[in-house]
K.L.:
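Mind looking over this structure? Questions follow.
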Amino acid sequence: MSNKVAVLLATYNGEKYLREQLRTIEMQTHENWHLFIRDDGSTDATIDIIKEFSSRFSNTTIVENFGEFTGSAAGNFFKLLNFSDFEGFSHISLADQDDIWAPTKLESALSHMSLVGAGGYSSNLVSYDNTSFRANYIDKSQPQKKFDFIFQGASAGCTYVFTRETCLLIQKKTINIDSFKGRSHDWLIYALCRTNDIPWVFDQEAHIFYRQHAGNVFGSMSAFAGLVARLKLLRSGWYRENVLWIAEKSGADAKASAVVDRIKRNSLMDKISLAKTVSQFRRDNKESKALVFIIFLFF
């Protein structure tokens, strides 16, 4: 029997694009999947769309939220991840409500993971700006660096697939986290895998049409407006705070204590030391150089 995949879809006010995403999940060449959907308190027609889809496809489960709304995509995803032990499933895949999957998305993920015995998978993707009608290829498949997991995720979470064994580890490590507001589920998942020596494979192909629109944080912004917004986030201390949060929750503060301790102390000498080893922190060399600037001005 082929691998059975649990597809976890987190929704919130997604009526505009949800039907299209569901259609692309329906059309997967790997047909042995079951869709689990949890809504986080939508006020539009999202629930109706979910119920209609569920009525047509028996391999769909609507996960009851019991009136508990997390207020964040990360929180919604971790509610889904901790919903079940997913017995009978070999793999778990994450799905956003507004993307478009290539028909071979799941098939490619399973093939790449099987080839190298990986516990986690991510791929490149094509970002499409719904306002300017421009598409960009996003390359996230550069070789891993020693400490990249402390400073970034593997790719967009919607590309992630991992084994049930990996999922059980994620559940164990995240079940007692009180809040995920302002946090990144994909970054934490990747950090947990790296901290626990779970092999991760990067697919150089893009299997997701990653839609950017007004509902995204930066999706409707011009390049300049997006840059300004990101600079405001950096000045607020958001990035440093998230690096330390990821390190604590993933166990990286113990596995990479020398790096994390320097970030915590944040003295001039610590910043100089971090800058000297910055090539170990980001997979993309240009991003590593930019991180030096961030460390001195915004850490």
Side-chain angles (χ1 to χ4, degrees), residues 5-26 33-57 59-86 89 92-101 125 130 153 155-162 167 170-190 192 208-220 233 238 241-242 245-246 249:
V5 183
V7 178
L8 310 187
L9 175 60
T11 63
Y12 176 72
N13 285 351
E15 65 175 3
K16 191 171 183 179
Y17 306 112
L18 180 57
R19 285 189 178 89
E20 195 169 9
Q21 167 67 306
L22 290 170
R23 176 64 175 166
T24 64
I25 294 173
E26 173 191 345
W33 54 265
H34 189 104
L35 181 63
F36 295 87
I37 310 174
R38 184 186 184 277
D39 187 75
D40 208 39
S42 292
T43 56
D44 63 0
T46 295
I47 298 297
D48 294 332
I49 296 169
I50 292 169
K51 288 180 177 178
E52 189 273 333
F53 186 85
S54 178
S55 70
R56 292 192 295 115
F57 294 93
N59 57 338
T60 302
T61 298
I62 300 175
V63 178
E64 177 60 56
N65 59 36
F66 299 104
E68 181 183 359
F69 308 134
T70 71
S72 71
N76 199 5
F77 270 116
F78 279 112
K79 286 291 185 183
L80 271 169
L81 280 166
N82 287 292
F83 161 71
S84 161
D85 66 3
F86 298 105
F89 291 89
I92 287 82
S93 174
L94 304 186
D96 288 347
Q97 64 184 3
D98 48 7
D99 297 330
I100 296 175
W101 285 12
L125 58 164
N130 212 56
S155 182
C158 56
T159 72
Y160 283 20
V161 179
F162 36 88
C167 183
I170 294 168
Q171 290 177 335
K172 180 180 177 181
K173 299 293 185 179
T174 62
I175 189 66
N176 293 320
I177 297 177
D178 293 331
S179 174
F180 292 95
K181 286 188 177 181
R183 308 304 182 186
S184 173
H185 61 284
D186 41 15
W187 187 357
L188 179 56
I189 289 169
Y190 179 60
L192 283 166
I208 284 189
F209 186 79
Y210 186 54
R211 196 193 304 266
Q212 300 293 291
H213 52 83
N216 297 127
V217 177
F218 301 112
S220 63
L233 271 179
W238 173 87
E241 179 187 344
N242 272 270
W245 186 86
I246 291 288
K249 301 305 182 185

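Worth saying up front: this structure is predicted, and the values here are computed from it rather than measured. All values below were derived from every heavy atom in this structure, side-chain atoms included, with hydrogens, water molecules and symmetry-related copies excluded. Sequential numbering from 1 along the given sequence is applied to the chain's residues.
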K.L.:
I'd like to check Thr11 versus Ile49 (side-chain heavy atoms, cut-off strictly below 4.5 Å). Are they in contact?
P.N.:
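Not touching, per the 4.5 Å side-chain cut-off.
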K.L.:
How about Phe69 and Tyr12: do any of their side-chain heavy atoms sit closer than 4.5 Å?
P.N.:
no
K.L.:
So which heavy atom on Cys167 is nearest to which on Ile92, and how close?
P.N.:
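Scanning both residues completely, I find the closest heavy atoms to be CB-CD1, 3.8 Å.
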K.L.:
Once ring pair (Phe, Tyr, Trp, His ring centres under 6.0 Å) is applied, do any residues pair with Phe209, and if so which ones, sequence neighbours excluded?
P.N.:
Tyr128
K.L.:
Please check: side-chain N/O of Thr60 versus main-chain N/O of Ser54, any donor-acceptor pairing under 3.5 Å?
P.N.:
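Such a contact is absent between Thr60 side chain and Ser54 backbone.
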K.L.:
Ignoring hydrogens and angles, tell me if any N or O in the side chain of Arg38 forms a donor-acceptor pair with the backbone of Val63 under 3.5 Å.
P.N.:
no
K.L.:
Does any part of the side chain of Thr159, heavy atoms only, come nearer than 4.5 Å to the side chain of Asp186, both counted from C-beta?
P.N.:
no
K.L.:
So, are Lys79 and Glu64 salt-bridged, with charged N and O less than 4.0 Å apart?
P.N.:
no
K.L.:
Answer yes or no: is there a donor N or O on one side and an acceptor on the other, between the side chain of Thr70 and the main chain of Asn76, under 3.5 Å?
P.N.:
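Yes; judged by distance alone, with no hydrogens or angles, the pair exists.
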K.L.:
Under 3.5 Å, is there a donor-acceptor pair between the side chain of Thr174 and the main chain of Ile170?
P.N.:
yes
K.L.:
For Arg23, is there an ion pair with Glu26 - N to carboxylate O distance below 4.0 angstrom?
P.N.:
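Arg23 and Glu26: salt-bridged.
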K.L.:
Checking Gln97 side chain against Tyr17 main chain: does a donor-acceptor pair fall under 3.5 Å?
P.N.:
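No; zero donor-acceptor contacts below 3.5 Å.
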K.L.:
Do Asp96 and Tyr210 touch side chain to side chain, with heavy atoms closer than 4.5 Å?
P.N.:
yes
K.L.:
Between Asn59 (side chain only) and Trp33 (backbone N and O only), is there a donor and an acceptor less than 3.5 Å apart?
P.N.:
yes
K.L.:
Considering only heavy atoms from C-beta outward, does the side chain of Leu94 approach that of His185 to under 4.5 Å?
P.N.:
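Yes, at least one pair of side-chain atoms sits under 4.5 Å.
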K.L.:
I need the Asp99 CG to Ile25 CD1 distance, nearest 0.5 Å.
P.N.:
9.5 Å
K.L.:
Check whether the ring centres of Phe86 and Phe36 lie less than 6.0 Å apart, and answer yes or no.
P.N.:
yes
K.L.:
Return yes if some donor-acceptor pair links the side-chain N/O of Asn13 with the main-chain N/O of Thr43 below 3.5 Å, else return no.
P.N.:
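Judged by distance alone, yes, a pair lies under 3.5 Å.
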K.L.:
Indicate the atoms forming the closest heavy-atom contact of Ala95 with Gln21, along with that distance.
P.N.:
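Closest heavy-atom pair between Ala95 and Gln21: CB-NE2, 4.2 Å.
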